[in-house]
Number of protein chains: 2
Amino acid sequence: MPTTPQTTIHHDHDTCVSGALTRAEALCASRGTKLTPIRRQVLELVWSGHRPRGAYAILDDMKVDGKRVAPLTVYRALDFLVENGLVHRLESLNAYIGCPSPDHAHPGQFLVCRDCGDAIELNDQRVSAAIADSARARGFQIDRPTVEVRGLCPVCQNRPHPSHSPADTERPEARQPVTRQKAES
Amino acid sequence: MPTTPQTTIHHDHDTCVSGALTRAEALCASRGTKLTPIRRQVLELVWSGHRPRGAYAILDDMKVDGKRVAPLTVYRALDFLVENGLVHRLESLNAYIGCPSPDHAHPGQFLVCRDCGDAIELNDQRVSAAIADSARARGFQIDRPTVEVRGLCPVCQNRPHPSHSPADTERPEARQPVTRQKAES
DNA sequence: CGCGGTGTTGTTATATGATTACATATCCCC
DNA sequence: GGGGATATGTAATCATATAACAACACCGCG
Ligand SMILES: [Zn+2]
Ligand SMILES: [Zn+2]
Ligand SMILES: [Zn+2]
Ligand SMILES: [Zn+2]
């Protein structure tokens, strides 16, 4: 049994995380930015669940030398990671998620499941183009478009109902259908 | 000099607010929902600046009988207003803004200026359609699409730079170019 | 080497945003 | 008038994010 078992679709998540870290190292090296130990650890913790994660959830796991770090430490690292495109911020969840393709600049477009909490990253050119057109028509200069679609992912559509679901045993991290959920525990 | 002078584009804002309140009254009456004094006051305060406003900013103005109300009072009213489409919540700002056309259901699409803080509401069918297609292609069932575009509005593009701007005297509510701004004071 | 600038981290406190749990009041229908 | 649904009051607490300031580390340069 692997050490980090919490993802929706089965895959070799340990490899998945180490890959993300390796790519991040390479990217920072090529750009002359510094992926310090703290930043690296935060990035690893963002990836750990392969789903959106809140800053304080990361903070809880951030023991450095057995000592709990300050919130600012985590936020500063997250700012760096977001600025460098290694992590996206999900505005509607106040949460962060690792970007699988940080090498090319892109805004985040996400399908966020209200049940399992997973966030699927899209990169739909039609959506981007439609937004760009609409903004241009009004003379608005875009910094960063945000597209976050809340709903129900295909997997969760096929489960009877989250709160009564017998699948809780095999997917213990399932979210309750609350109004405004947290990204994680 | 009017009592509520803080908007970007000059217009008769007092009429603008009273119009929104009248429409809200009519809409609630037709639906059988109740626009209570508290809800009405919160709606008025949401509209007061004609721009996104945080819950606690509203709270600060919410003296009822000279007494400060509890946060929950404001949040409950905001929940009602959002559910009834009278107000939109801006996820990227944790703020609320009045909807100019609450009569027909629609998700909010916004162009949010990073300088003046104004939010222009769009309703672009191409954007909606592109998002719907993209979600359908992945079997994702949409609850609520969120589109919030951060950038610079036409007015602010023509001012030299927010922090050095001489226009501060005529637009005292201008925002600083900070990383993650508040909706209001 | 030693200096000074830039960038990173530490520490403490606080602002802002949102919810839980429970009690009380009010309205409307019967 | 009883009784259920809706609305508000009160207190405490949780969650998210930033401010202000100090210390340290790295790096290029004289
Ligand atoms: Zn993974
Ligand atoms: Zn991405
Ligand atoms: Zn107005
Ligand atoms: Zn609207």
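The structure displayed is predicted, hence computed values, not measured ones.
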Tabulated below should be each protein N or O lying under 3.5 Å from an N or O of nucleotides 27-30 of chain C; please produce it.
none

Could you go over nucleotides 9-13 of chain D and give all protein N or O partners under 3.5 Å, atom names and distances?
residue : atom : partner : partner atom : Å
dG9(D)  : N7   : R76(B)  : NH2          : 2.6
dG9(D)  : O6   : R76(B)  : NH1          : 3.3

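Closest of all the heavy-atom pairs between T15(A) and S18(A) is O-OG, 2.9 Å. L27(A) and D103(A) make their closest contact through CD1-CA, 4.0 Å (heavy atoms, listed as atom of the first residue, atom of the second, distance).
Separating the CZ atom of F80(A) from the C1' atom of dG7(C) is a distance of 11 Å, rounded to the nearest angstrom. In this structure, the CG atom of L35(A) is 17 Å from the P atom of dG7(C), given to the nearest Å. One can place CD of Q41(A) at 17 Å from P of dT8(C), the figure rounded to the nearest angstrom. Put simply, CD on E91(A) is 13 Å from P on dA18(C), counting in whole angstrom units. Atom P of nucleotide dA15(D) and atom CD1 of I58(A) are separated by 15 Å, given to the nearest angstrom. When rounded to the nearest whole Å, the span between CG of D79(A) and C1' of dA19(D) equals 14 Å. A straight line from CG of L78(A) to C1' of dA17(D) spans 11 Å, rounded to a whole angstrom. Regarding N84(A), its CG atom lies at a distance of 13 Å from the P atom of dG7(C), rounded to whole Å.
Cluster annotation: V46(B) is not connected to L72(B) through the hydrophobic network of ILVMFWY side chains, with a link wherever side-chain heavy atoms come within less than 4.5 Å.
Residue N94(B) has no polar side-chain atom (N or O) positioned under 4.0 Å from OP1 or OP2 of dT16(D). Taking only side-chain nitrogens and oxygens, Y75(A) never comes nearer than 4.0 Å to OP1 or OP2 of dA15(D). Look at R89(A) and you'll find a side-chain N or O under 4.0 angstrom from OP1 or OP2 of dA17(D). OP1 or OP2 of dG10(C) has not a single side-chain nitrogen or oxygen of R68(A) nearer than 4.0 Å.
Qualifying salt bridge (Lys or Arg N to Asp or Glu O under 4.0 Å) partners for R23(A), counting only residues two or more places apart in sequence or in other chains: none. Residues satisfying the salt bridge (Lys or Arg N to Asp or Glu O under 4.0 Å) criterion with R76(B), sequence neighbours excluded, are absent altogether.
Under the side chain to side chain donor-acceptor pair (under 3.5 Å) criterion, the residue pairs touching residues 29-43 of chain B are E25(B)-R40(B), with sequence neighbours excluded.
Residues S101(B) and E121(B) have side chains that never bring a donor and an acceptor to within less than 3.5 angstrom of each other.
Terminal axes of the helix from dC1(C)-dG30(D) to dC30(C)-dG1(D) (five pairs each, C1' rotation axis) are separated by 20°, to the nearest 10°.
Using a cutoff of 4.0 Å between basic side-chain nitrogens and carboxylate oxygens, E148(A) and R150(A) are not scored as salt-bridged.
Put simply, the side chain of D143(A) does not reach to within 4.5 Å of the side chain of L152(B), judged on heavy atoms. Between H50(A) and C16(A) the shortest side-chain heavy-atom distance falls below 4.5 Å. For the pair D60(A)/R68(A), a side-chain contact is recorded, criterion being any heavy-atom separation below 4.5 Å from C-beta on. For the pair F110(A)/I97(A), a side-chain contact is recorded, criterion being any heavy-atom separation below 4.5 Å from C-beta on.
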